[in-house]
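We count residues from 1, following the sequence as given.
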Amino acid sequence: GAEELELLERLLGLPGGNKYGVQGERKVPVLQTNNGPGLTGLMTIAAHLVRQARKDQLLGSTAEEKAVVQQWLEYRVTRVNGGSSKEDTRTILKDLNMHLEDRVYLAGNIFTLADVLMYYGLHHIMVDLTVQEKEKYLNVSRWFNHIQHYPGVRQHLSNVIFIKNRLYTNAH
């Protein structure tokens with residue numbers, strides 16, 4: 001949580017220096033603010049940082065986009081953060097693969113906070129996938145590869161390699 005929020009700060013061009021902590025068994029991120037109560041929760045803090053950076057378009061432009069972004073942020077926190085078994089991981093990848101079948105980004109055709117946080121949440125999973133698994137979840141692989149090359153997103157995280165030519169060999 002805290003590391004992701006620091007990555008997000010840099011991506012947004014914020015000066016950094018925020019103090020993050022975690023609370024409880026589930027290690028929920030907390031942001032200590034200078035004026036008033038701290039903020040709790042990945043979605044809450046991330047949305048706050050986006051507004052602070054005046055990049056509200058990352059939260060969606062239309063009411064529908066905003067709702068879709070919110071939906072995927074909730075999915076990220078409840079399913080991706082909560083999912084630890086192989087079965088959970090397969091379900092998450094299957095859900096995403098279906099959703100991304102006819103979309104470039106999670107909220108359709110615009111890059112949003114949902115893409116950034118889902119990328120950070122899935123990075124450790126994608127690093128460990130075999131070539132065959134990446135081929136099985138082709139839409140997720142395409143989306144993930146696109147997001148990791150988005151300026152400023154990946155930062156120090158390892159580049160996940162996708163073998164593009166192999167993906168088309170079975171088409172004949």
- Sub-4.5 Å side-chain heavy-atom contact between Leu5 and Leu42: yes
- If you look at every heavy atom in Leu93 and Met126, which pair is closest and at what distance? CD2-SD, 4.2 Å
- Note on the structure: Correct closest heavy-atom pair for Asn97 and Leu138 would be OD1-N, 3.4 Å
- Note on the structure: When every non-hydrogen atom of Glu9 is compared with those of Leu49, the smallest separation belongs to CG-CD1, 4.0 Å
- Message: Hydrophobic clustering (ILVMFWY, side-chain heavy atoms < 4.5 Å, transitive) - are Leu39 and Val77 grouped together?
- Response: yes
- Task: Evaluate the side-chain proximity of Leu157 to Arg154: yes if any heavy-atom separation is below 4.5 Å, no if none is.
- Result: yes
- Query: How long is the gap from CD on Gln70 to CG on Leu113, to the nearest 0.5 Å?
  - Reply: 9.5 Å
- Query: Rounded to the nearest 0.5 Å, how far apart are CD of Gln57 and NZ of Lys66?
  - Reply: 11.0 Å
- Query: Angle class for the Tyr150/Tyr105 ring planes (parallel below 30°, perpendicular above 60°, tilted otherwise)?
  - Reply: perpendicular
- Item | Transitive ILVMFWY side-chain link Leu59 to Met43, under 4.5 Å | yes
- Task: Quickly, which of Leu7, Leu106, Val153 forms a side chain to side chain contact (heavy atoms under 4.5 Å, CB included) with Tyr119? Name it, please.
- Result: Val153
- Task: Test side chain to side chain contact (heavy atoms under 4.5 Å, CB included) on Glu4 and Leu117 and set out the steps.
- Result: CA-CA 8 Å; Glu4 280 181 69; Leu117 292 185; 3.9 Å; yes
- Met118 versus Ile147: any side-chain heavy-atom pair under 4.5 Å? no
- Task: Supply the atom-to-atom distance Asn81 CG to Arg76 CZ, rounded to the nearest 0.5 angstrom.
- Result: 4.5 Å
- CG-CZ distance between Asp95 and Arg90, expressed to the nearest 0.5 angstrom: 13.0 Å
- State, with a plain yes or no, whether a side-chain heavy atom of Arg103 is found less than 4.5 Å away from one of Trp143. no
- More than 12 non-hydrogen atoms from neighbouring residues, nucleotides or ligands closer than 6.0 Å to CD on Gln155, yes or no? yes
- Which one of Leu12, Asp115, Val69, Leu11 satisfies the side chain to side chain contact (heavy atoms under 4.5 Å, CB included) criterion with Leu58? Leu12
- Task: Determine, step by step, whether Phe144 and His123 satisfy the side chain to side chain contact (heavy atoms under 4.5 Å, CB included) criterion, reporting the C-alpha distance in whole Å, the side-chain angles of both residues, the deciding distance to 0.1 Å, and the verdict.
- Result: CA-CA 9 Å; Phe144 189 90; His123 187 273; 3.9 Å; yes
- Message: Looking at every non-hydrogen atom in both residues, tell me the closest pair between Gln23 and Val30 and how far apart they are.
- Response: OE1-CG2, 3.5 Å
- Item | Check ion pair Lys136-Glu133 (N to O, under 4.0 angstrom) | no
- Out of curiosity, Gln132 CD to Thr130 OG1, how far, rounded to the nearest 0.5 Å? 4.5 Å
- Can you find a pair of side-chain heavy atoms, one from Phe111 and one from Val104, that are under 4.5 Å apart? no
- Query: Is the His99 ring parallel, tilted or perpendicular to the Trp72 ring (thresholds 30°, 60°)?
  - Reply: tilted
- Between Thr44 and Thr40, does a side chain to side chain contact (heavy atoms under 4.5 Å, CB included) hold up when you go through it step by step? CA-CA 7 Å; Thr44 303; Thr40 305; over 6 Å; no
- Task: Please report the C-alpha distance between His156 and Glu3 in whole Å, then the side-chain angles of each, then the deciding distance to 0.1 Å, and finally whether the side-chain hydrogen bond (donor to acceptor under 3.5 Å, both in side chains) criterion is met.
- Result: CA-CA 11 Å; His156 69 270; Glu3 185 194 358; 3.0 Å; yes
- Note on the structure: For Val160 and Val127 the tightest heavy-atom approach is CG2-CG2, 3.7 Å
- Task: Please tell me if the side chains of Thr91 and Glu87 come closer than 4.5 Å, counting only heavy atoms from C-beta onward.
- Result: yes
- Message: For Asn159, is the CG atom crowded, meaning more than 12 foreign heavy atoms sit under 6.0 Å from it?
- Response: yes
- Item | Steps toward side chain to side chain contact (heavy atoms under 4.5 Å, CB included) verdict (Thr112, Glu65) | CA-CA 9 Å; Thr112 65; Glu65 280 173 3; over 6 Å; no
- Task: Identify the heavy atoms of Ala2 and Pro29 that sit nearest to each other, and give their distance.
- Result: N-CB, 4.5 Å
- Item | Connected via hydrophobic side-chain network under 4.5 Å: Val28 and Leu73 | no
- Task: Side-chain contact test, heavy atoms from C-beta onward, threshold under 4.5 Å: evaluate it for Ile45 versus Leu8 and give yes or no.
- Result: no
- Taking side chain as C-beta onward, heavy atoms only, is Leu100 less than 4.5 Å from Arg142? yes
